[in-house]
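One structure is given here, and the rest of the page talks about it.
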Amino acid sequence: MEMQEANQGGSELSSPNQTIYINNLNEKVKLEELKKSLNLVFSKFGNILEVLAFKTLKHKGQAWVVFENAESASTAIAEMNGYLFYDKPMRIQFAKTKSDVVAKADGTFVPREKRKRHEEKGGKKKKEQHHDSTQMGMAMNSAYPGGYGVTPPLSQVPYPGGVKPNLPEAPAPPNNILFVQNLPHETAPMMLQVLFSQYPGFKEVRMVEAKPGIAFVEFADEMQSTVAMHGLQGFKIEQNPMLITYAKK
DNA sequence: AGCACA
């Protein structure tokens, strides 16, 4: 039988990073509210260092959430990609580059001139563009209740009717097969079996030789796959947090 | 659509 490309929508997964990049956000929402809400929704995945969003035309509808750990970011992507937020499904990926707050902590921070790709050309009337970058560090992040399984309405179908064919990561609907990513290349099927077979309904692990780092894990039904997914989401194998989603059928 | 921290 044939199987869909393992890779989601043909776009590569950016390398794991502690910052997530979110787009397809509802542009009508005011920035402050947007950031507050993002903070609320994402704080259960771990401590958030900063939430950034901007109002400029080039950056509308997008935001960055900087976590303290890459593991949190990874879990947040797996759990929240496609989540309806102000009536639109969030599209989430790892950020392409390291956030300044993180670089500052690293000691690798280099002031912006080096990092700018292209400067703005003259001839444009300069407009005030306010974007604020509130840092709501301690204020709003509550410690997470323990367990990620509590994401509410993922069951609502994110893309009802006509969908653009190549979304970066169109989340597959819940089903009995899990798609596991971000595994160390040397991960043995047996190791995965040990992990997943603790969950009821486990059937088998399938790994794709041609594509190291991923695996399919089949359960008897979707309730059982869901339990396993939430139980093992972000579980680290040799430092790599597993990223588990439903497989595309 | 669009990956920044002015």
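In what follows, chains are A, B, ... by sequence order, proteins preceding strands, each numbered from 1.
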Query - Protein-nucleotide distance (A:R91, atom CZ; B:dG2, atom P), rounded to Å - result: 10 Å
**Report entry** Distance-only donor-acceptor test, A:S99 side-chain atoms vs B:dA4 base atoms, 3.5 Å
**Finding:** yes
**Report entry** Whole-Å gap separating P (B:dA4) and OH (A:Y21)
**Finding:** 8 Å
Query raised in the report: Sub-3.5 Å donor-acceptor pair from the side chain of A:N47 to the main-chain atoms of A:E68, do we have one?
Result: no
Query raised in the report: Between A:K35 (NZ) and B:dA4 (C1'), how many Å, whole number?
Result: 12 Å
Report task. Assign the ring pair A:W64 / A:Y21 to parallel, tilted or perpendicular, where the plane angle (0 to 90°) is split at 30° and 60°. Result -> tilted
Query raised in the report: Rounded to whole angstrom units, what separation is found between the CD atom of A:Q62 and the C1' atom of B:dA1?
Result: 8 Å
Query - Minimum-distance nucleotide to A:H59 side chain [options: B:dC3, B:dG2, B:dA4] - result: B:dA4
Report summary line: Residues at least two apart in sequence or cross-chain that pass side chain to side chain contact (heavy atoms under 4.5 Å, CB included) with A:A220, listed by chain then number, are A:K203, A:Q224
**Report entry** A:Q93 side chain, from C-beta outward: closest of B:dG2, B:dC5, B:dC3
**Finding:** B:dC3
Query raised in the report: How would you list all residue pairs meeting salt bridge (Lys or Arg N to Asp or Glu O under 4.0 Å) that involve residues 220-241 of chain A, not counting sequence neighbours?
Result: A:E71-A:K236
Query - Atom-pair distance (NZ on A:K60; C1' on B:dA4), nearest Å - result: 17 Å
Query raised in the report: Separation of A:Q18 atom CD from B:dC3 atom C1', in whole Å?
Result: 16 Å
Query raised in the report: Side chain of A:A95: nearest nucleotide among B:dA4, B:dC5, B:dG2?
Result: B:dA4
**Report entry** Ring-on-base stacking B:dA4 with A:F54 (under 5.5 Å, under 30°)
**Finding:** no
Requested in this report: To the nearest Å, give me how far apart NZ (A:K58) and P (B:dC3) are.
Outcome: 6 Å
Query - Atom pair distance, as rounded to whole Å: CG in A:L57 and P in B:dC3 - result: 13 Å
